[in-house]
Amino acid sequence: MNRIQLSLRAADDPRTLRADDGVPTFVSVFSLHNGTKRGPAGGDPLPITVKASRELAQTVVSELRRGAAFVVAGQLDYYRNPESSRAIYSIWADAITDITQPQSTKP
């Protein structure tokens, strides 16, 4: 099983993909993981989509905003497009913890 725990930063606000009676039941958030200079990303941020459902979806929508740092634990999914060789990573979240909102950018 491809279990992983990563520190990420939300690159966008969460998107609700499914809702029941206005309550989010399936959401995703586009996130970035900072690569290391020695890693396969060569220091470039690695894009990862985080997917959450049920009660965790409600937490993501209410607590994550663009720029927020968080830790996600879940199952890693990887796909490489055979035509473009573009790698796509996603994590089906089991838990999202240590949410830290971005610092204010007020002058």
Side-chain angles (χ1 to χ4, degrees):
M1 195 174 254
N2 298 325
R3 308 281 313 149
I4 192 166
Q5 182 171 332
L6 281 177
S7 295
L8 301 175
R9 184 166 300 277
D12 208 353
D13 287 334
R15 293 186 316 143
T16 299
L17 303 174
R18 188 177 315 132
D20 290 337
D21 296 327
V23 177
T25 57
F26 181 65
V27 298
S28 72
V29 62
F30 181 70
S31 305
L32 297 172
H33 175 66
N34 290 332
T36 62
K37 294 187 184 225
R38 289 181 245 145
D44 295 332
L46 184 64
I48 300 173
T49 301
V50 176
K51 300 174 185 177
S53 62
R54 298 180 192 81
E55 294 83 21
L56 191 54
Q58 296 170 31
T59 300
V60 169
V61 169
S62 66
E63 295 186 29
L64 278 184
R65 294 288 171 257
R66 181 180 185 170
F70 62 100
V71 175
V72 61
Q75 183 174 346
L76 178 66
D77 189 23
Y78 169 80
Y79 172 76
R80 182 175 292 275
N81 185 321
E83 295 176 8
S84 66
S85 294
R86 181 174 176 242
I88 299 169
Y89 296 92
S90 64
I91 296 175
W92 285 94
D94 292 331
I96 293 179
T97 59
D98 301 332
I99 298 171
T100 305
Q101 299 300 333
Q103 295 288 330
S104 175
T105 57
K106 293 180 184 177

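Any value given below was found using the heavy atoms of this structure, including those in side chains, with hydrogens, waters and symmetry copies removed. What you are looking at is a predicted structure, and each value in this text was computed from that prediction instead of being measured.
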Rounded to the nearest 0.5 angstrom, the CD1-CG distance for I91 and L6 is 4.5 Å
Around E55, counting heavy atoms of other residues, nucleotides and ligands shown, do more than 12 lie under 6.0 Å from its CD?
no
Heavy atoms of P14 and V60 approach each other most closely as CG-O, 3.5 Å
OG (S31) and CZ (R66) are apart, to the nearest 0.5 Å, by 12.0 Å
Heavy-atom distance under 4.5 Å between the side chains of I96 and V50, does that happen here?
yes
In this structure, CZ of F70 is separated from CG of D98 (nearest 0.5 Å) by 11.5 Å
Tightest non-hydrogen contact, residues G74 and D94, listed as CA-OD2, 3.8 Å
Hydrophobic cluster identity match, F30 and Y89, side-chain contacts under 4.5 Å
no
#### Entry: Main-chain N/O of R18 paired with T25 side-chain donor or acceptor, under 3.5 Å
yes
Practice item. Would you sort out whether L17 and R15 count as a side-chain contact (heavy atoms from CB on, under 4.5 Å), showing the intermediate values? Key: CA-CA 6 Å; L17 303 174; R15 293 186 316 143; 4.0 Å; yes
Quiz item: Taking atom CZ of R80 as the centre, does the number of heavy atoms from other residues, nucleotides or ligands within less than 6.0 Å exceed 12?
Solution: yes
Heavy atoms of Q101 and A68 approach each other most closely as OE1-CB, 3.7 Å
Distance col, row T100:OG1 vs R9:CZ, nearest 0.5 angstrom, shows 8.0 Å
Indicate yes or no: at least one non-hydrogen side-chain atom of I99 is less than 4.5 angstrom from one of L64.
yes
- Message: So does P82 get a backbone contact from the side chain of R86, meaning a donor-acceptor N/O pair under 3.5 Å?
- Response: no
Distance col, row I4:CD1 vs Y78:OH, nearest 0.5 angstrom, shows 13.0 Å
Rounded to the nearest 0.5 angstrom, the OG-CG distance for S90 and L76 is 7.0 Å
Scanning both residues in full, the closest heavy-atom pair of P102 with G67 reads CB-O, 3.7 Å
Nearest heavy-atom approach of A57 to A52 is CB-O, 3.7 Å
Scanning both residues in full, the closest heavy-atom pair of P47 with L32 reads CA-CD2, 3.9 Å
For the pair H33 (side chain) and S7 (backbone), establish whether a donor and an acceptor sit closer than 3.5 Å, ignoring hydrogens and angles. yes
| query | What about V71 and V27, same hydrophobic cluster or not, with Ile/Leu/Val/Met/Phe/Trp/Tyr joined at side-chain heavy-atom distances under 4.5 Å? | reply | no
**Prompt:** Does any non-hydrogen side-chain atom of N81 lie less than 4.5 Å from one of Y79?
**Reply:** yes
